[in-house]
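Each chain gets a letter, A, B and so on, in the order the sequences are listed, and its residues count up from 1.
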Number of protein chains: 2
Amino acid sequence: MADVAERAGVSTSTVSRTLRGLSTVSPEVRARVEKAAREIDFAVSRQAASLVTGRTGTVAVMVPTLNSWFTGSALSSLAPLLRAAGLQLNVYEIPDLTERTAFFETLPARRNADALLVFSFDLTEEETARLDDLGMPVIYVSQHVDGRPSVYVDDVAGALHGTRHLLNLGHRRIAFVPTEGASGFTFSSNERLLGYQQALTEAGVPLDDDLVVSTRTGSKRAAAEALGTLLSLREPPTAIFAEQDEVAVALVWNLRRTRIAVPEQISVLGFDDQPLADWFDLSTVAQSPSRMGRLAGELALKLIDDAGGAGEAGGSGGTGGTGDAGGSGGDAERHIVLPTHVIPRGTTAPAPEPADQAPGESA
Amino acid sequence: MADVAERAGVSTSTVSRTLRGLSTVSPEVRARVEKAAREIDFAVSRQAASLVTGRTGTVAVMVPTLNSWFTGSALSSLAPLLRAAGLQLNVYEIPDLTERTAFFETLPARRNADALLVFSFDLTEEETARLDDLGMPVIYVSQHVDGRPSVYVDDVAGALHGTRHLLNLGHRRIAFVPTEGASGFTFSSNERLLGYQQALTEAGVPLDDDLVVSTRTGSKRAAAEALGTLLSLREPPTAIFAEQDEVAVALVWNLRRTRIAVPEQISVLGFDDQPLADWFDLSTVAQSPSRMGRLAGELALKLIDDAGGAGEAGGSGGTGGTGDAGGSGGDAERHIVLPTHVIPRGTTAPAPEPADQAPGESA
DNA sequence: CTGAAAGCGCTAACAA
DNA sequence: TTGTTAGCGCTTTCAG
């Protein structure tokens with residue numbers, strides 16, 4: 001920067017002011033400085049700048065994996081937004097429990113970011129508490145934590161509507177197949193199960209634990225096992241609601257291989273609406289991670305702004321504890337709930353006529 | 001850090017030494033310092049540290065999108081590697097030409113990373129030159145640039161082998177369907193086309209431009225158009241080699257919808273071997289982005305180390321120009337070529353018997 | 001509108 | 001083995 005200053009015949013202060021776009025610089029000086037800066041390819045060191053401003057110009061995100069439709073879409077819409085705001089994107093991928101423990105021990109984001117976006121982890125209270133005094137806004141994405149800013153999809157409602165769709169098609173024996181998470185990626189499982197149960201209850205269909213069989217994701221074999229369990233029940237389901245599209249597709253794949261017609265004999269419904277669903281003409285409950293990413297980014301920007309402007313009001317406790325004290329905006333602005341949509345495609349159809357009625361029952 | 005020092009009753013230098021794990025600290029003092037640090041949840045500010053060390057502790061990656069199997073897999077294997085080395089991962093997503101121009105104008109990574117990984121962009125010479133004097137090692141991933149460190153897959157050989165597979169099955173009319181890139185994501189297209197042509201030539205099959213029809217990715221409609229062009233040729237192909245699995249799958253999808261049997265009537269071969277290929281039982285040429293990511297990361301680590309140890313030898317010109325002067329390791333270590341593998345699955349089969357022989361020809 | 005000076009939090013000589 | 005000192009490159013008062 002000193003080089004630029006010398007080259008332009010001004011002080012470093014002026015260079016700094018120019019490069020930050022402050023209006024208190026005369027046009028001619030500004031031009032000279034900009035020219036000089038361009039000539040020597042000068043770029044401000046964020047490191048040095050942040051040392052004095054206290055802001056890092058970086059947003060950190062913590063994701064369970066970078067290799068999934070969900071995080072891919074979300075980050076893909078988040079990144080341009082941050083770039084437009086002049087912020088860098090720092091990614092912490094926490095694929096397993098080891099990394100997770102290490103992360104929460106070190107908290108490497110501390111002092112190295114202006115905000116943290118936590119994706120899809122089912123955190124313990126201690127972990128949440130740990131994040132509370134990280135000294136920066138923490139936004140929970142695809143999950144909600146009481147009193148903390150969150151952006152998430154209404155999983156309960158999604159599963160409720162999905163199940164209702166199956167009920168409306170005449171299905172009564174409806175199975176639900178949740179996914180066993182690898183490293184705490186299971187947050188929405190519970191919620192979706194809840195919605196499923198809620199729909200059955202409101203329709204007067206009794207819950208049956210035998211109809212809830214969990215599986216692993218990304219494995220045809222595991223899906224086959226779950227399917228086997230369901231198909232060998234005394235009274236097998238006529239419809240299966242999978243918690244994730246990938247599992248739903250695996251189910252369809254296995255069913256068809258067994259020459260069980262989908263949807264004629266068994267309906268299958270997914271959740272997510274990722275591209276795979278379209279390829280397989282899978283009926284599903286859609287959510288929009290890209291929208292989630294964008295909204296989370298906007299919320300982060302806002303919170304960073306608040307923190308900067310308000311002069312760190314509220315003490316080190318941050319957003320935890322007392323609820324929505326301090327800061328602008330009520331709870332509604334800090335708790336963004338996204339809708340879901342049932343997308344009927346080719347894997348759901350009216351329930352087949354009950355062929356084998358129990359003997360003795362009247363027609 | 002001053003707080004920790006006071007709490008432990010030592011100087012900040014000692015705290016610094018302790019926290020960096022230098023061995024010149026007595027065990028008892030070390031224990032005291034670590035305890036104090038833990039008590040107040042102290043974490044070193046990389047910003048301040050890098051100001052004096054000159055290293056940022058960050059690796060930047062430039063990707064066209066975060067929302068693809070390729071980048072997802074690659075980054076997913078890169079990230080843990082960097083974390084293990086104590087480095088942060090900074091992502092620049094450059095989805096379109098506007099962002100691209102902006103990126104090369106600002107070069108925001110300058111002074112804000114210790115190395116840059118450039119993914120899958122088909123860069124101009126000017127752009128490459130611009131990166132040359134970025135002042136940090138630049139590693140090209142999934143592409144190769146003369147004289148610069150690169151990690152890439154042998155696309156020519158991959159396409160060559162893929163095409164040979166089709167030739168060996170008896171196909172002579174083999175189409176190639178490249179993908180029009182959105183923002184310079186087309187680097188491997190040319191190489192793959194080359195391999196395809198090479199295989200035909202060595203088999204004595206004349207090249208036919210009509211058999212090369214490009215399409216867009218991720219669109220069933222676009223694939224249908226390309227397919228239409230091929231199927232309305234005077235002499236349509238009996239096999240189609242798509243440059244990407246996604247396109248291959250779209251072709252299969254459209255063919256089957258038209259009741260053209262795959263592979264009985266037309267064989268389809270993809271390139272990538274992403275999960276989608278397995279779902280569709282697609283024959284394909286496999287590459288491993290995760291391996292690419294890992295190797296690129298290791299190379300980056302090595303180059304960062306070299307740069308640090310060698311004391312910036314070689315001047316500001318960096319790696320460009322004179323070739324592999326300076327630094328340890330020859331060109332082989334800086335030019336990593338990964339193999340491909342033909343994975344025969346259910347969409348390739350022997351060419352059908354020519355049903356409609358030209359009249360007058362003998363049997 | 002511009003410049004001089006102080007200092008952000010840390011590390012790297014150099015002394016002790 | 002530890003402490004003292006200087007300074008990394010920038011922003012920010014405070015004067016002018």
Side-chain angles (χ1 to χ4, degrees), chain A residues 1-34 36-37 40-58 86 88 108-114 135-136 308-309 311-312, chain B residues 1-34 36-37 40-58 86 88 108-114 135-136 308-309 311-312:
Chain A
M1 190 171 235
D3 293 348
V4 180
E6 189 179 16
R7 219 181 164 87
V10 294
S11 71
T12 59
S13 317
T14 304
V15 175
S16 173
R17 281 191 274 257
T18 306
L19 264 31
R20 276 178 299 149
L22 301 193
S23 55
T24 64
V25 182
S26 70
E28 44 177 350
V29 172
R30 166 174 298 278
R32 242 188 311 146
V33 171
E34 280 171 349
I40 64 169
D41 264 335
F42 176 80
V44 170
S45 158
R46 292 181 115 92
Q47 326 292 328
S50 62
L51 192 54
V52 37
T53 59
R55 317 176 112 225
T56 62
T58 294
Q88 310 213 278
R110 162 161 293 164
R111 306 232 263 152
N112 292 299
D114 297 338
M136 66 180 81
E312 302 294 323
Chain B
M1 190 171 232
D3 293 346
V4 179
E6 190 179 16
R7 219 180 164 87
V10 294
S11 72
T12 59
S13 317
T14 304
V15 175
S16 173
R17 281 190 275 257
T18 306
L19 265 31
R20 277 178 300 151
L22 300 193
S23 55
T24 65
V25 182
S26 70
E28 45 177 350
V29 173
R30 167 173 298 278
R32 241 188 312 146
V33 171
E34 279 170 349
I40 65 170
D41 264 335
F42 176 80
V44 170
S45 160
R46 292 178 115 91
Q47 327 291 330
S50 61
L51 192 54
V52 36
T53 59
R55 318 176 112 225
T56 61
T58 294
Q88 309 213 279
R110 162 162 293 166
R111 305 235 260 152
N112 292 300
D114 297 337
M136 66 180 83
E312 301 294 325

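Proximity of a side-chain donor or acceptor of A:Arg111 to a complementary backbone N or O of B:Ala43 within less than 3.5 Å is detected. No donor-acceptor distance shorter than 3.5 angstrom exists from the side chain of A:Ser16 to the backbone of A:Thr12, with no hydrogens or angles considered. Using a distance-only test at 3.5 Å, with no hydrogens or angles considered, a donor-acceptor pair links the side chain of B:Arg110 to the main chain of A:Asp41.
Put simply, the side chain of A:Thr14 reaches to within 4.5 Å of the side chain of A:Arg17, judged on heavy atoms. Put simply, the side chain of A:Arg32 reaches to within 4.5 Å of the side chain of A:Val29, judged on heavy atoms. Counting heavy atoms from C-beta on, the side chains of A:Gln47 and B:Asn112 come closer than 4.5 Å.
The interatomic distance linking B:Glu6 (CD) with C:dC10 (C1') rounds to 17 Å, in whole Å. As a whole-Å value, the separation of A:Arg20 CZ from D:dG9 C1' is 13 Å. With rounding to whole Å, A:Met1 atom CE is found 11 Å from D:dT12 atom P. The interatomic distance linking A:Leu51 (CG) with D:dG7 (P) rounds to 17 Å, in whole Å. Whole-Å rounding puts the B:Asn112 CG to D:dC10 P distance at 11 Å. For the pair A:Leu22 CG and C:dC1 C1', the interatomic distance rounds to 12 Å; values are reported in whole Å. As a whole-Å value, the separation of A:Gln47 CD from D:dG7 C1' is 17 Å. Between B:Arg32 atom CZ and D:dT1 atom C1' the separation is 12 Å, expressed in whole Å.
Atom-to-atom distance recorded for A:Thr58:OG1 and A:Gln88:CD is 4.5 Å, nearest 0.5 angstrom. Rounding to the nearest 0.5 Å places CG of B:Leu51 at 9.0 Å from OG of B:Ser45. Taking CD1 of B:Ile40 as the start and CG of B:Asp3 as the end, the distance is 5.0 Å to the nearest 0.5 Å.
Taking five base pairs at each end of the helix from C:dC1-D:dG16 to C:dA16-D:dT1 and finding the rotation axis that steps the C1' atoms of four pairs onto the next four gives two axes whose angle is 30°, to the nearest 10°.
Within residues 10-18 of chain A, the residues that have a heavy atom under 4.0 Å from DNA chain D are, in order of number, A:Ser13, A:Ser16.
When each of C:dT11, C:dT2, D:dT2 is scored by its nearest atom to the side-chain atoms of A:Val25, the top-ranked nucleotide is C:dT2. Taking the side chain of B:Val52 as heavy atoms from C-beta on, and the options D:dT11, D:dT2, C:dA12, the nearest nucleotide is C:dA12.
Counting any heavy atom pair closer than 4.0 Å across all strands shown, A:Arg111 reaches sugar-phosphate atoms only and no base atom. Among the protein residues, B:Ser26 comes within range of the sugar-phosphate backbone only, with heavy atoms under 4.0 Å from sugar or phosphate atoms but none that close to a base. Residue contacts for B:Thr24: at a heavy-atom cut-off of 4.0 Å it reaches a base atom on one of the strands shown.
Distances shorter than 4.0 Å separate none of the side-chain N or O atoms of B:Arg46 from OP1 or OP2 on C:dC10.
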